[in-house]
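One structure is given below, encoded as structure tokens.
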Amino acid sequence: MELKESIFKGVNISEAEEVKAEGEGENADDGCPNCRDTNGIRDYQRNIVICEKCGRVLREKIKDRGPEWRAFDQKQREERSRGGSPMTYTIHDKGLSTKIDWKNRDGRGNNLSPERRSLMYRLRKWQRRIRISDATERNLAFALSEMDRMSSQLGLPKNVREIAALIYRGAVKKELIRGRSIEGVASAALYAGCRETQMPRTLEEIAEVSRVDKREIGRSYRFITRELEIHLPPIDPANYVSRFGSELEISGEVRRKAIEIIKKAHEGKLTSGRGPTGIAAAAIYVASLECGERRTQREVAEVARVTEVTVRNRYKEFVEELSLDVSV
DNA sequence: AAGACGAAAGTGGTTGA
DNA sequence: TCAACAACTTTCGTCTT
């Protein structure tokens, strides 16, 4: 009984922390109090969850709550635990192959007999040959480490890396790398991973951390998406709003309005074919005017990495087509 | 003086024959 | 593979606040 109580005590402590972290009695899940039935978008860079509609911060300091199961004794723990090395696509053998130590010692640390030693030598040799058997395996290992480097420079979450790795594997399987640079295809796969997960990253940003230029990445991207028959929608401009918004230090109100404008523009068919960053920039600009938190076209254009002219053009279209009132 | 606006010419990429 | 095309950029002059 005492034992049971102490376990429950432990559980209660962790739950108390959780409630505290949620903030002042806000909703526990990712629903927004303003816009009903919306999902929160996780912004892993700033470690927050924001509402996809209005940009309001729903939850801060996203944390790992640990396993979703509870165990009350050792036996249950063993049964329920699904631990062990996780399988991952970001290591060329998916992290599942056996590793053989290079020391000539046995489990107790004793030296091995000459026969055992030569056996281990042969095993290691085969292990090497199996793991990194040929050029394709070596290239795969290189590409994956390259993608890992780029995504950590861009601060991309793990799921993007996994998807990028998966796409790259698909490209290898279909022999699409031949005659193309590994780095180009790796960068393209990473970009595709961002598109797939709606991570607001532009081709330019990928190119900045890549060793190959934008054109090469773009070519590889088009090629592999065509050959693998993956159709990725362009990134929703609304996803850029929170990024640009925080760089411009605008309020949640402006962000909410900007997202609203983008939605209207989308309905008015003003978004297709246009660059999502330009649309996001113009929407933020209009929203900042309407809310009296004026930002210049220059400032907005700069964070969105487009020119003032583009902001103006989008802005003009918005005003004409959506009959927005910006005379305030 | 700074910002907004618009015209004109140039660039890189897409599309369809 | 080539030309037509739309989106976007660069540059620069004018207007507004």
Side-chain angles (χ1 to χ4, degrees), chain A residues 167 171 176 179-181 183-192 194-196 200-241 243-245 247-251 254 257-258 261-328:
Chain A
I167 292 167
L176 304 176
R180 228 165 285 275
S181 79
E183 280 164 335
V185 180
S187 309
L190 193 61
Y191 179 57
C194 290
R195 292 275 292 259
E196 172 70 33
R201 290 292 179 281
T202 61
L203 198 52
E204 277 87 358
E205 286 167 310
I206 306 273
E208 269 171 31
V209 297
S210 173
R211 293 182 212 277
V212 291
D213 66 354
K214 196 182 125 196
R215 271 181 57 191
E216 170 82 26
I217 301 171
R219 271 219 310 274
S220 303
Y221 171 74
R222 276 194 305 281
F223 184 69
I224 62 173
T225 48
R226 179 155 46 87
E227 292 298 319
L228 295 174
E229 290 174 15
I230 42 185
H231 306 286
L232 300 171
I235 289 179
D236 186 344
N239 290 338
Y240 283 105
V241 170
R243 254 187 75 195
F244 297 158
E247 278 188 63
L248 289 166
E249 292 172 356
I250 56 173
S251 69
V254 181
K257 206 147 215 164
I261 291 165
I262 290 170
K263 189 166 268 181
K264 269 199 235 162
H266 193 68
E267 284 161 10
K269 303 212 174 11
L270 289 175
T271 55
S272 91
R274 315 284 146 93
T277 48
I279 294 169
I284 290 174
Y285 175 68
V286 176
S288 80
L289 292 182
E290 287 185 343
C291 297
E293 286 185 45
R294 189 191 184 88
R295 295 290 181 279
T296 65
Q297 294 180 352
R298 248 235 89 243
E299 288 170 322
V300 181
E302 198 169 329
V303 298
R305 311 268 184 96
V306 292
T307 58
E308 295 167 66
V309 183
T310 304
V311 176
R312 272 203 295 277
N313 289 339
R314 291 297 90 77
Y315 158 68
K316 214 173 67 184
E317 288 166 7
F318 286 174
V319 174
E320 280 170 9
E321 300 293 324
L322 304 175
S323 59
L324 292 167
D325 186 24
V326 285
S327 50
V328 195

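Each chain gets a letter, A, B and so on, in the order the sequences are listed, and its residues count up from 1.
- Between the CD1 atom of A:Ile279 and the CG atom of A:Asp236 there is a distance of 9.0 Å, given to the nearest 0.5 Å.
- Listed pair A:Arg222 / B:dT14 meets the phosphate criterion, a side-chain N or O lying under 4.0 Å from OP1 or OP2.
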side-chain contact (heavy atoms from CB on, under 4.5 Å) assessment of A:Phe244 paired with A:Val300: CA-CA 8 Å; A:Phe244 297 158; A:Val300 181; over 6 Å; no

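- Between A:Arg294 and B:dA4 there is a side-chain N or O to OP1 or OP2 distance below 4.0 Å.
- Protein atom CG of A:Leu203 is 12 Å distant from nucleotide atom C1' of B:dG12, rounded to whole Å.
- Toward the 5' end of DNA chain B, the nearer of the two residues A:Tyr285 and A:Val309, judged by each one's closest nucleotide, is A:Tyr285.
- Pairing partner, C:dA6: none, since no Watson-Crick or wobble contact has both distances short of 3.5 Å.
- Taking for each of A:Thr296 and A:Arg215 the nucleotide of DNA chain B with the nearest heavy atom, the 5'-most of the two is the partner of A:Thr296.
- When the P atom of B:dT14 is taken as reference, atom CZ of A:Phe223 falls 15 Å away, rounded to whole Å.
- Residue A:Tyr315 places no side-chain N or O under 4.0 Å from the OP1 or OP2 atom of B:dA4.
- Contact annotation for A:Arg219: no contact, since no heavy-atom pair falls under 4.0 Å across all strands.
- Here A:Gly275 lies in heavy-atom contact (under 4.0 Å) with sugar-phosphate atoms only.
- When distances are taken from the side chain of A:Gln297 to each of C:dC8, C:dT10, B:dA4, the shortest belongs to B:dA4.
- If you measure from atom CD1 of A:Ile217 to atom C1' of B:dG13, you get 15 Å, rounded to the nearest angstrom.
- Checked by atom type and distance alone, the side chain of A:Arg314 never pairs as donor or acceptor with a backbone atom of A:Ala282 at under 3.5 Å.
- Atom OH in A:Tyr221 sits about 15 Å away from atom C1' in B:dG13, given to the nearest Å.
- A distance-only check finds a donor-acceptor pair linking the side chain of A:Arg243 to the backbone of A:Pro200 [under 3.5 Å].
- The phosphate of C:dA7 (OP1 or OP2) has a side-chain N or O of A:Arg274 nearer than 4.0 angstrom.
- Taking CD of A:Glu196 as the reference point, atom CG of A:Leu232 lies at 5.5 Å (rounded to 0.5 Å).
- The side chain of A:Arg312 places no N or O atom within less than 4.0 Å of a non-bridging phosphate oxygen (OP1 or OP2) of B:dA4.
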